[in-house]
Amino acid sequence: MDLSSKLTRAKIKNLFEAGQAAGPVLVQGWVRTRRDAKALSFVEINDGSSLANLQSVIEEDSPAYAVIKDLTTGAAVSLIGLFGPSLGSGQRFELKCLSAEIIGPAGLDYPLQKKRHTDEYLREIAHLRPRTNKFGALTRLRSQCAWAAHDFFRQRGFYHVHTPIVTGSDCEGAGEAFRVTTLPDGQNAGPEDDFFGRKAWLTVSGQLEAEMLALALDRVYVFGPAFRAENSNTSRHAAEFWMIEPEASFFDLNDDMLLAEDFIKYLVNQALNEGQADLELFDRFVEKGLIARLENLIKSNYVRVTYAEAIKRLAALPQSFERPPTYGADLASDHEKALCEIFGGPVFVYDYPSAIKPFYMRLSDDSKTVAAMDLLVPRVGELIGGSQREERLNVLLDRMSSCGLKTEDYWWYIDSRRWGSVPHSGFGLGFERFLMMLTGVNNIRDVCAFPRTPNNLEF
Ligand code: 4AD
Ligand code: MG
């Protein structure tokens with residue numbers, strides 16, 4: 001029976017939502033398991049549209065039976081059958097299979113046999129782990145959150161902009177940018193012989209260019225990749241990650257923190273509404289109580305403390321840290337975690353000493369601190385870094401010189417403060433870190449499909 005040419009493909013998610021289908025349906029996907037019973041065979045298939053598999057029942061006297069007999073976990077199949085309520089227990093619906101075709105076989109050496117695999121093992125087969133429940137769920141949640149981010153900013157009048165990936169300036173000034181060059185190895189040539197006739201890097205942040213756009217379009221946001229050659233082999237740093245960076249004119253640090261808080265709540269709320277089944281998987285297997293924690297994240301107001309107050313609160317704790325909390329030093333990750341514990345949830349730390357922050361942050365009236373904020377969240381630590389930008393030309397020039405930056409390297413940035421400069425602010429949210437917070441997954445290597453970390457670039 002060749003019905004496939006006449007049938008449109010049905011997605012499993014839509015079938016489950018509809019609960020029944022009039023007439024035969026065509027389903028295509030990958031076999032998760034097959035088991036045989038007396039005069040029957042059961043095949044569970046997944047087509048990426050939902051966490052739940054579709055169980056297909058094949059009776060011994062059906063012509064599909066001979067085909068099914070050769071099916072193994074991992075194979076790709078096309079099934080035609082009648083979809084409706086299941087006769088058996090354990091699942092609500094099933095497909096009574098009328099015909100089957102193997103599209104892509106998989107032998108018994110398929111590395112993802114039905115059992116739970118460790119995160120470490122799955123990292124070694126990054127090309128296959130999208131086929132696991134966990135990665136399927138992550139990928140769907142990631143996609144939903146990306147859509148939600150676009151919705152959020154569009155509703156608020158922000159334009160989506162694309163800033164360069166190859167750049168001539170280091171936004172964060174931390175010297176962690178990857179060089180981009182076309183000069184062959186071992187050739188005695190200088191930057192002037194290189195492709196751009198000068199040194200170039202992969203961007204660490206789209207912020208500086210986004211500022212130029214915000215100073216004309218009022219409100220913009222970047223959603224793009226960022227690259228950092230931080231040699232910190234930690235569970236929350238990747239060499240390549242995605243950042244969401246809104247930038248808004250006539251916007252101060254307080255507006256910035258309000259926007260950041262609304263944004264997190266919006267994304268989490270969308271995920272709870274649209275990705276519930278996928279989140280339940282993480283609640284069951286990764287972090288017990290995850291959904292309750294996320295619901296709290298929407299309800300609570302995020303605490304705000306100055307950096308000075310944060311250091312005081314940390315110093316007053318009885319616990320000892322790897323490095324004692326001291327005024328004038330960056331917060332370490334155990335400090336960040338402790339602050340979230342003290343306040344029982346996300347915490348904005350703001351007004352950092354200027355000496356530990358980049359040149360573009362707005363100097364406060366005390367001349368010692370800058371209008372910077374970080375949002376720290378439980379389990380992950382720093383999720384967002386943002387600031388009000390220095391809009392005053394003279395103050396900016398002073399700051400650049402005390403940071404040791406050459407004004408000729410940033411002439412265009414300085415120009416923007418010469419004409420029509422306005423108070424403006426923005427932040428960057430690390431998308432992978434957000435996904436760690438959302439799913440309870442505690443290693444950044446397990447929230448990106450193909451993580452790039454020191455000494456790890458398999459393909
Ligand atoms: O705090 P950062 O360095 O801020 C900036 O880059 C600003 N220019 C953003 C802005 O104001 N437009 O980075 C922002 C966020 C961090 O809070 C963190 O979530 C994430 O980016 N991030 C990383 N995520 C994964 N791996 C890394 N190596 C990361 N470095 C930063
Ligand atoms: Mg930061």
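Everything numeric here is computed off the predicted structure, so don't read it as measured data. Worth knowing before you read on, the calculation uses all heavy atoms, side chains too, and leaves out hydrogens, waters and symmetry mates. All ligand and atom numbering here is 1-based and tracks the order in the structure.
Comment: Arg284 does not engage Glu280 in a salt bridge, judged by the lack of any side-chain N to carboxylate O separation of less than 4.0 angstrom. The existence of a salt bridge linking Arg142 and Glu432 is confirmed by a sub-4.0 Å separation between a basic side-chain nitrogen and an acidic carboxylate oxygen. Taking a cutoff of 4.0 Å between a charged side-chain nitrogen and a carboxylate oxygen, Arg392 and Glu390 qualify as a salt bridge. Ion pairing of Glu341 with Lys337 is absent here, as no side-chain N (NZ or NE/NH1/NH2) approaches a carboxylate O to less than 4.0 Å. Of the charged side-chain nitrogens involved, at least one lies within less than 4.0 Å of a carboxylate oxygen, so that Arg293 and Glu287 count as a salt-bridged pair. Ion pairing between Asp374 and Lys357 holds under the 4.0 Å rule for side-chain N and carboxylate O. Between Asp252 and Arg362, no side-chain nitrogen of the basic residue sits less than 4.0 Å from a carboxylate oxygen of the acidic one, so the salt-bridge criterion is not met.
Ranking the protein heavy atoms by distance from atom 12 (N) of ligand 1 puts Glu245 OE2, 2.8 Å first. Given atom 11 (O) of ligand 1, the protein heavy atom at minimum distance is Arg389 NH2, 2.9 Å. Atom 19 (O) of ligand 1 has as its closest protein heavy atom Leu383 O, 2.9 Å. Remark: minimum distance from atom 14 (C) of ligand 1 to any protein heavy atom is reached at Gly428 O, 3.5 Å. When hydrogens are left out, the protein atom nearest atom 28 (N) of ligand 1 is Glu230 OE1, 2.7 Å; that is the closest non-hydrogen contact. For atom 13 (O) of ligand 1, the closest heavy atom belonging to the protein is Arg228 NH2, 3.7 Å. In terms of protein heavy-atom proximity, atom 18 (C) of ligand 1 is nearest to Arg433 NH1, 3.5 Å.
A distance of 10.5 Å separates CG of Leu375 from CD of Glu336, quoted to the nearest 0.5 Å. Here Leu383 contributes atom CG and Phe434 contributes atom CZ; the two are 7.5 Å apart, rounded to the nearest 0.5 Å. For the atom pair Phe450 CZ and Glu240 CD, the distance stands at 11.0 Å (nearest 0.5 Å). How far CG of Asp47 is from CH2 of Trp30: 7.5 Å, rounded to the nearest 0.5 Å.
By the 4.0 Å heavy-atom criterion, Glu432 is excluded from the residues contacting ligand 1. Between Met437 and ligand 1 there is no heavy-atom distance shorter than 4.0 Å. For Glu247, the closest heavy-atom approach to ligand 1 does not fall below 4.0 Å.
Below 4.0 Å from some heavy atom of Arg236 lie the following atoms of ligand 1, by number and element: 25 (C), 26 (N). The distance from ligand 1 to the heavy atoms of Gly385 drops below 4.0 Å at these ligand atoms: 1 (O), 9 (C), 10 (C), 11 (O), 17 (O). Atoms of ligand 1 lying under 4.0 Å from any heavy atom of Ser205, numbered from 1 in the order shown and given with element: 6 (O), 8 (N). Within the listing of ligand 1, atoms 7 (C), 8 (N) sit less than 4.0 angstrom from a heavy atom of Tyr360. The distance from ligand 1 to the heavy atoms of Ile384 drops below 4.0 Å at these ligand atoms: 17 (O).
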Just distance, no hydrogens or angles: give the donor-acceptor pairs under 3.5 Å from side chains in residues 435-446, sequence neighbours left out.
{"residue": "Thr439", "atom": "OG1", "partner": "Leu435", "partner atom": "O", "Å": "2.7"}
{"residue": "Thr439", "atom": "OG1", "partner": "Val441", "partner atom": "N", "Å": "3.3"}
{"residue": "Asn443", "atom": "OD1", "partner": "Arg445", "partner atom": "N", "Å": "3.0"}
{"residue": "Asn443", "atom": "OD1", "partner": "Arg445", "partner atom": "NH1", "Å": "3.1"}
{"residue": "Arg445", "atom": "NH1", "partner": "Thr234", "partner atom": "O", "Å": "3.0"}
{"residue": "Arg445", "atom": "NH2", "partner": "Asn233", "partner atom": "OD1", "Å": "2.7"}
{"residue": "Asp446", "atom": "OD1", "partner": "Arg123", "partner atom": "NE", "Å": "2.9"}
{"residue": "Asp446", "atom": "OD1", "partner": "Arg129", "partner atom": "NH1", "Å": "3.4"}
{"residue": "Asp446", "atom": "OD2", "partner": "Arg123", "partner atom": "NH2", "Å": "2.8"}

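Between Tyr327 and Tyr307, the ring planes are perpendicular. Angles over 60° get that label, and only those under 30° would be called parallel. The aromatic rings of Tyr302 and Phe348 sit tilted, their planes meeting at an angle between 30° and 60°. The aromatic rings of Phe223 and Trp242 stand perpendicular to each other, their planes meeting at an angle above 60°, with 30° marking the opposite boundary.
Cation-pi geometry between Arg417 and Tyr413 is met: under 6.0 angstrom from the ring centre, within 45 degrees of the axis. In this structure, Arg219 fails the cation-pi test against Tyr221, since its NZ or CZ atom is not both closer than 6.0 Å to the six-membered ring centre and inside 45 degrees of the ring normal.
Residue-level proximity to ligand 1 for Phe431 is absent, since no heavy atom of it falls below 4.0 angstrom. Of all the heavy atoms of Met243, the ones lying under 4.0 Å from any atom of ligand 1 belong exclusively to the side chain. Heavy atoms from both the backbone and the side chain of His237 come within less than 4.0 Å of ligand 1. The part of Phe241 lying near ligand 1 is the side chain, judged by heavy-atom distances below 4.0 Å. Residue contacts with ligand 1, taken as heavy atom pairs separated by less than 4.0 Å, involve Ile444 solely via side-chain atoms from C-beta onward. Using a 4.0 Å cut-off between heavy atoms, Glu240 makes no contact with ligand 1 at all. Residue-level proximity to ligand 1 for Glu382 is carried by backbone and side chain together, each with a heavy atom below 4.0 angstrom.
Comparing Gly386, Gly430, Pro358 by heavy-atom distance to atom 20 (C) of ligand 1, the nearest is Gly430. Relative to atom 7 (C) of ligand 1, the option among Glu211, Gln388, Glu172 with the closest non-hydrogen atom is Glu172.
At a 3.5 angstrom cut-off on N or O pairs, Ser387 does not count as close to ligand 1. Between Ala238 and ligand 1, a contact under 3.5 Å exists for at least one N or O pair.
Around the Mg ion (ligand 2), protein N, O or S atoms at a distance under 2.8 Å total 1; waters are neither shown nor counted.
Within a 6.0 Å sphere centred on CZ of Arg323, heavy atoms belonging to other residues, nucleotides or ligands number more than 12.
When each of Ser354, Pro358, Pro353 is tested with Val370 by the rule side-chain contact (heavy atoms from CB on, under 4.5 Å), just one qualifies, namely Ser354.
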